[in-house]
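Below is one structure, written out as structure tokens; comments come after it.
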Protein chains: 2
Amino acid sequence: MATTTAAQRRAQARTEFDAFLAVCPSRQLLDRVSDKWVGLLLCALGGGSFPQPSAEEGTPRAMRYSELLRQVAGVSPKMLTQTLRSLERDGLVTRSVVATVPVTVSYELTDLGLSLHVTMRALKGWAETHVAEVLEQRAAYDARPVEKIT
Amino acid sequence: MATTTAAQRRAQARTEFDAFLAVCPSRQLLDRVSDKWVGLLLCALGGGSFPQPSAEEGTPRAMRYSELLRQVAGVSPKMLTQTLRSLERDGLVTRSVVATVPVTVSYELTDLGLSLHVTMRALKGWAETHVAEVLEQRAAYDARPVEKIT
DNA sequence: CAGGATCCCGCTAGATACTG
DNA sequence: CAGTATCTAGCGGGATCCTG
């Protein structure tokens with residue numbers, strides 16, 4: 001009974017945390033859209049091939065599986081499929097299969113996905129705007145000598 | 001030399017990917033701010049205790065370490081420290097130490113951190129606005145029978 | 001009170017191989 | 001072309017113990 005005290009407190013905290021999560025579905029959704037590949041895919045499907053400051057975004061369009069695989073470059077087929085599935089499940093993209101000789105599958109943003117894309121671009125815009133400043137801060141932080149904590 | 005072909009292609013792709021990343025620092029920054037705890041901490045330091053649709057955000061203020069530990073509820077001391085350090089390094093928060101009898105440490109958003117907080121709230125706003133719609137889509141997707149792929 | 005150090009487990013996600 | 005299945009390593013992150 002002596003060693004369970006800390007564990008019980010942890011369990012209690014965990015329970016409270018879970019309960020808290022349960023009453024706040026927007027939290028999970030926030031976690032989902034915070035996914036690394038989600039952002040990149042939204043970006044790609046939104047018409048911008050990749051987050052490049054100088055490149056202006058194009059128009060949203062349907063894209064093939066392999067096209068996405070090339071464009072995002074670094075994502076594995078597994079993660080691409082997995083991410084696309086979750087996006088489809090959440091109603092952010094549509095999946096269209098055309099029974100050509102080699103099967104053709106294309107993905108496109110829904111209106112809902114498009115609205116998220118707008119928001120993601122805002123976040124991306126922030127990163128692009130402030131990346132230099134952050135790098136400065138980071139360099140300053142790393143360069144500072146081991147000094148006494150004031 | 002026969003088995004290295006696929007590996008080499010992978011390595012090449014990896015190199016291109018890394019090179020691409022190198023010329024696009026905003027990508028890494030985007031990954032950083034997409035972190036789970038970063039969002040929650042920004043939210044907490046921004047004055048809103050947690051992402052609750054009905055609760056209006058308060059004003060940004062300095063918060064104690066233990067205060068954050070309680071408020072975010074679910075984050076371990078390790079992750080809290082780790083995340084706060086990265087935020088401090090990036091110049092998004094300031095760390096203030098007051099040498100009281102028990103040491104007092106407080107964290108506060110910088111102007112830069114505040115600007116990110118604004119953007120994060122926009123993302124949070126999107127989640128809160130569309131969470132119901134997403135849940136519907138998700139339910140519909142899960143409820144659909146195992147049908148032939150059209 | 002505010003962490004640092006260490007151990008360790010589970011899940012993520014990458015590599016590889018196979019299929020309709 | 002557009003995936004699926006399996007295996008596995010790496011690491012994120014929790015638990016625990018210790019310090020200033």
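Just so we're on the same page: letters track the sequence lines, and every chain starts at 1.
- As rounded to whole Å, 16 Å separates atom P of C:dT12 from atom CH2 of A:W37.
- You'll find the side chain of B:W126 reaches within 4.5 Å of the side chain of A:L29, heavy atoms only.
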Just the table, please: protein N/O against nucleotides 2-4 of chain D N/O, every pair under 3.5 Å.
residue	atom	partner	partner atom	Å
D:dA2	OP1	A:R64	NE	2.9
D:dA2	OP1	A:V105	N	3.2
D:dA2	OP1	A:V105	O	3.3
D:dA2	OP2	A:S66	N	3.0
D:dA2	OP2	A:S66	OG	2.8
D:dG3	OP1	A:R95	NE	3.4
D:dG3	OP1	A:R95	NH2	2.7
D:dG3	OP2	A:Y107	OH	2.7
D:dT4	OP1	A:R85	NH2	3.4

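- The two residues A:V75 and A:L69 have their closest heavy-atom pair at O-CD1, 3.7 Å.
- Side-chain contact between A:V105 and A:R64: absent, with no pair of heavy atoms (C-beta onward) separated by less than 4.5 Å.
- For the pair B:L69 CG and D:dA15 P, the computed distance is 12 Å after rounding to whole Å.
- B:L45 pairs with exactly one of B:L40, B:V93, B:L114 by the side-chain contact (heavy atoms from CB on, under 4.5 Å) rule, that one being B:V93.
- With distances taken from any side-chain atom of A:Q82 to the nucleotides C:dA13, D:dG14, D:dC1, the minimum falls on C:dA13.
- If you measure from atom CG of B:D31 to atom C1' of D:dC11, you get 16 Å, rounded to the nearest angstrom.
- Side-chain contact between A:L123 and B:M120 is present, with at least one heavy-atom pair separated by less than 4.5 Å.
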Practice item. Decide yes or no on side chain to side chain contact (heavy atoms under 4.5 Å, CB included) for B:L109 and B:L116, but give the supporting numbers first. Key: CA-CA 10 Å; B:L109 288 178; B:L116 177 57; over 6 Å; no

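- Rounded to a whole Å, the CG atom of A:L68 is 13 Å from the P atom of D:dC1.
- If you measure from atom CG of B:D35 to atom C1' of C:dT12, you get 15 Å, rounded to the nearest angstrom.
- Using a 4.0 Å cut-off between charged side-chain N and carboxylate O, B:R138 and B:E133 make no salt bridge.
- One end of the helix from C:dC1-D:dG20 to C:dG20-D:dC1 points its axis 50° away from the other end's axis, with each axis taken from 5 pairs and the angle rounded to 10°.
- Protein atom CE of A:M79 is 17 Å distant from nucleotide atom C1' of C:dT16, rounded to whole Å.
- Side-chain contact between A:Q137 and B:E88 is absent, with no heavy-atom pair separated by less than 4.5 Å.
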